[in-house]
Amino acid sequence: MATAGSLKDTLKTRMGITNSESAARLEEIPEDLMTKCDNCGTLLVTKDWLRDLKVCSRCGYHARLSAPERIELLVDPDSFQEWDTSLAPRDPLHFPGYQEKRTAAQVKTHLKDSCVTGAATLEERPIAIGATDFRFMGGSMGSVFGEKVTRLLERALEEKRPAIMVISTGGARMQEGLLSLMQMAKTSAAVARLQNAGVPYIVVLTDPSTAGVQASFASLGDVIMAEPGATIGFTGARVIEQNLKIRLPKDFQSSEFQMEHGQLDLIVPRAKLKETITQFLGLLLD
Amino acid sequence: MATAGSLKDTLKTRMGITNSESAARLEEIPEDLMTKCDNCGTLLVTKDWLRDLKVCSRCGYHARLSAPERIELLVDPDSFQEWDTSLAPRDPLHFPGYQEKRTAAQVKTHLKDSCVTGAATLEERPIAIGATDFRFMGGSMGSVFGEKVTRLLERALEEKRPAIMVISTGGARMQEGLLSLMQMAKTSAAVARLQNAGVPYIVVLTDPSTAGVQASFASLGDVIMAEPGATIGFTGARVIEQNLKIRLPKDFQSSEFQMEHGQLDLIVPRAKLKETITQFLGLLLD
Amino acid sequence: MLSRWLPFEKPLVEIEEQIEELKRLAARENLDLSDKVRRLEDHKRAVMEQMFAELTPWEKVQMARHPKRPYPLDYIGALCSEWLELHGDRAYGDDGAIVAGFGRFSGRAVAIVGNQKGRDTKERQERNFGQASPEGLRKAERVMELAARYGRPIISLVDTPGAACSPDAEERGISEAIAHSQLIMSQLPVPIIVVITGEGCSGGAIATALGDRVLMLEHSYYSVISPEGCASILYRDPAKAPESAEALNITAEDALRLHIIEEVIPEPLGGAHRDFGLMCKSLGATLERHLGELSQIPGPQLIEQRYARFRRLGDFEEQPSVAHPELNGNGPKEAASQLNGL
Amino acid sequence: MLSRWLPFEKPLVEIEEQIEELKRLAARENLDLSDKVRRLEDHKRAVMEQMFAELTPWEKVQMARHPKRPYPLDYIGALCSEWLELHGDRAYGDDGAIVAGFGRFSGRAVAIVGNQKGRDTKERQERNFGQASPEGLRKAERVMELAARYGRPIISLVDTPGAACSPDAEERGISEAIAHSQLIMSQLPVPIIVVITGEGCSGGAIATALGDRVLMLEHSYYSVISPEGCASILYRDPAKAPESAEALNITAEDALRLHIIEEVIPEPLGGAHRDFGLMCKSLGATLERHLGELSQIPGPQLIEQRYARFRRLGDFEEQPSVAHPELNGNGPKEAASQLNGL
Ligand SMILES: [Zn+2]
Ligand SMILES: [Zn+2]
């Protein structure tokens, strides 16, 4: 159990600014601050909610996590060493508004781009792990994201480290045009090499996992796990509804829907992810 | 165009006793004998019907052919040299009535068992070809059938001859019990080796192609062609209807149905089979 | 009681009722009838020993279908210290009739695939009575290929009355799925041990039965067609299933004699369900022995041996070679030209 | 006439109407106006040359979508002396939006896959406007793997507004199908030439565009998202598609500049549909040249080069390395323990 001070630090520094609360306001919030579940609206004691890894104790709703949170959730404490921190995005197309949006995202997240990768251990097993951050332009995949994932997969191959990718993304980054589209091919090809070499590659899909990322390396895991209730698919439900003038059921593209349609190996609650990945790696390798 | 004598010979010797006409009766039939289409009931001039390869000029119904007819239809004249003529069936389970049924089939067809295999040329290209004969106990696959197909696939591999199998069968031969079931595994494994060696393997499905044969080597062709209107499937429609107490549409399990459901590469009318196979082999090999 | 006793077990029911009666009496009247009870139990055991040693093929079928018979997930739960079930064919759906995943069996990580029937009406329907649909076989294939990539041995537990029998299964290519599963299994460079634990019926069974070793539980059966199906064809009467079961040679002993399987795994007296713990001990020891042997063999050699194993199956004779009179250009030339050259 | 002329072609319509008028006049009045006609035609040509050299990105999109634009089967019919189309994914269905088969192109047997739109309303629906469903991509994959087994080069003709957009496509794993097609194409040991012939839009395009050479016709476009889709997101107004087309850098010249493609294949004046014969000559010669070059390269080397080709795509900078302050154990220890160890 953490102290009051550390809890506030956690909220401020590590959890990012979810639930639309500003960092400034957090300073004044008393220890027993309530957090409202985005799904069922229940007011939860923030301390409990954090202990539950931002999962609503009432309805099971899994709130989104930042990339740093994702990584810390899944690796041994203090074991993470970030890779490719030098990579930073450009604006190759001089796309309207791109630089401004990105700078805002960088300020908000303390990240250079939407994907964080690195080395860590998981129950003492060396792994390569990456996570995407939905707060950073919807976790979209541009050149830096694609390059980081590719380098992660290549280094995993070289060092025979199992690779784990945790996804939360709206797809390819429009603002880098074709260069973003090419990251789909580049990352998919890198997965092929990793699999040929017999190095495990595990995908964890979280809310949301869609479009260009879902249609490339995120659908190619040896095993694909998803958190409950995540939205997983290619074309967004609203776009399909508009195009075909239809109404889609509420659970369309949910983890449970994708499970039923054969696209997932497992649905794993957040609290069980680390354990399940560890077990799977043990069953493949030990 | 053949002479009167040869036509009768064809009917008597080569065409087998289809359309439930006995060999004895054929002797007395005048040259302009009419043949009734089994599908639409149209009376066709036998000479024309034979020239049309036993395809009804009215409704396109493809009447069943014997294994020897099948082979002669597809290979260069006089090029066929039969393989494994020494193989003959046994009665390993002492199955009630098996020997009698088989002897009757042998007398009727002049075949030792339901499958004929051998070497031939197709537009001068050496090939290995096999065909099954529905007249022989429903073209069922027992030990001899399975052994012949396996030897054909093995020899095709050894001599780098493209292999062609023409199917007409009700499935595995019940009377040889588990030994028949094992032929499914044996032949499927032999296909795997042939494909690994990059030797083409072409399947032609004709009416009917079902059950244990369809669920083994007959579904594993590099390309799978079917004659129009053939019945192709695993479980017979009547069995499904009885089990589920439902009525199935008339075209259920037809070639056209299987094409729509992605199970066939091509539907090829009988008169075009030889040409299509030749073309496909050319496109794969030349 | 109906579900606990098979028709041929009637003599046992009577003895058991007598035992129960004696016990009730002893309790009510405070008598010591333990000697009588013991004698009756000895008698019951003797009857059982004789009964289950001499089961007819049709009785074996009933044993294999016994509603209390252990199913793959039961064995997995008992034999594996870990188990992670994987789902889905990554294309269409997740078939409850097939379970597939990775487990740890006596310290060794293995992949396990199996046909899973349901225990109650609802589960039976969800699992389609253990009858695999195309997507189930494609799921199994995917997991087996994953196992091969990581050098994990495969255990396939077969217990199915056949592949799915429905328009849906036909539409999605149940033939192709059965065929392809065999094609893949014949090429995997890891040990594959198949155990027919209950029903091993028809294409649905052979689909996942192409292994280096094929074993059968004592009271399972393995057949090219269901006895009822055979009877419908042979006698035009499904009620003649007992005769068909006899004719088809479907018992473990038959399969052993025909060299279809390597070994019969004995069941506890009265069947696997009567002493599940003992059954697991026996099954576990057998699997361990075969895994130990097979894991010594390099992958490519395994594939060769597996091919050879099935290659030799079949019973036929090789008579002096006589070509078919109509073929080899021996027939009339004009006749030959009739079909050719048109 | 509506379907023959695009909005920006209006000046041409006027000139052409004048020419027609003159010809009618000459015929009616029996006059020799050929000189005037010739001058008008020269003028028209000059206008066209300027017009089509300066098309805006949005005009290129309209050209790529021109209802008379040649589709893959048109090119196949013109360029191949033989063509055998194969069907089906062997699992679910046959998708009309994807054609796949083997053809003989200038004496060489090749596999060809392509997105096929329909010409009329009925065919458009049957072919789902060239938008591939999962089963279409799986069919293409099957044919490409067959081609690889027999050492046949692969030509992929891309002309799609995107992958199928429907609940069905989602249910059967359109994401998986797009991803898997790329995975497979990255490993085939035969030459793969991709030509964007019309629309090369989004995941539906890259699904079959992982080649050794990627070429674009002069008036095709290639984009991560449709201009309309981009406008909806960026400007909340699909009518701003022209601005989006500009911003997205989707023309062949853009793609060439960004090293996404190797070459732009010139189209006849006014577009491929105005002189199909000439277009085929130009496309055929280009394909032949690339096939000739690639067929010199051994399979494993092709795979390496193909990987390297896509590997280098992307534009980013490498700044001095600074780790994220929250990671690498630099953050407060208590905070780290908050999520871990729970
Ligand atoms: Zn809630
Ligand atoms: Zn007819």
Seminar exercise, completed: Applying a strict 4.5 Å limit to non-hydrogen atoms, the region of D:F102 in contact with chain B is both
Exercise. Is it the backbone or the side chain of B:S219 that comes under 4.5 Å from a heavy atom of chain D, or both, or neither?
Worked result: backbone
Seminar exercise, completed: Residue from B:M259, B:Q279, B:M225, B:E260 scoring the most non-hydrogen pairs under 4.5 Å with chain D is B:Q279
For this session: Check the surroundings of atom CZ in B:R58: do more than 12 heavy atoms from other residues, nucleotides or ligands lie under 6.0 Å from it?
Result: no
Seminar exercise, completed: Per-residue tally against chain B (heavy atom, under 4.5 Å) across D:A91, D:G93, D:A109, D:G88 peaks at D:G93
Exercise. Rounded to the nearest 0.5 Å, how far apart are CG of D:D94 and CD of B:Q258?
Worked result: 12.5 Å
Exercise. With a 4.5 angstrom heavy-atom cut-off, which part of B:L264 approaches chain D: side chain, backbone, both or neither?
Worked result: backbone
Problem set entry | chain D interface, residue from B:I224, B:D222, B:V223 that has the most non-hydrogen pairs under 4.5 Å | B:D222
Problem set entry | Spacing of B:H261 atom NE2 and D:D89 atom CG [to the nearest 0.5 Å] | 11.5 Å
Problem set entry | Sorted by number, residues from residues 137-171 of chain D in contact with chain B (heavy atoms, under 4.5 Å) | D:R142, D:L146, D:R149, D:Y150, D:R152
Seminar exercise, completed: In this structure, CG of B:D286 is separated from CZ of D:R104 (nearest 0.5 Å) by 6.0 Å
Exercise. D:E82, D:E135, D:R108: which one forms the most heavy-atom pairs within less than 4.5 Å of chain B?
Worked result: D:E82
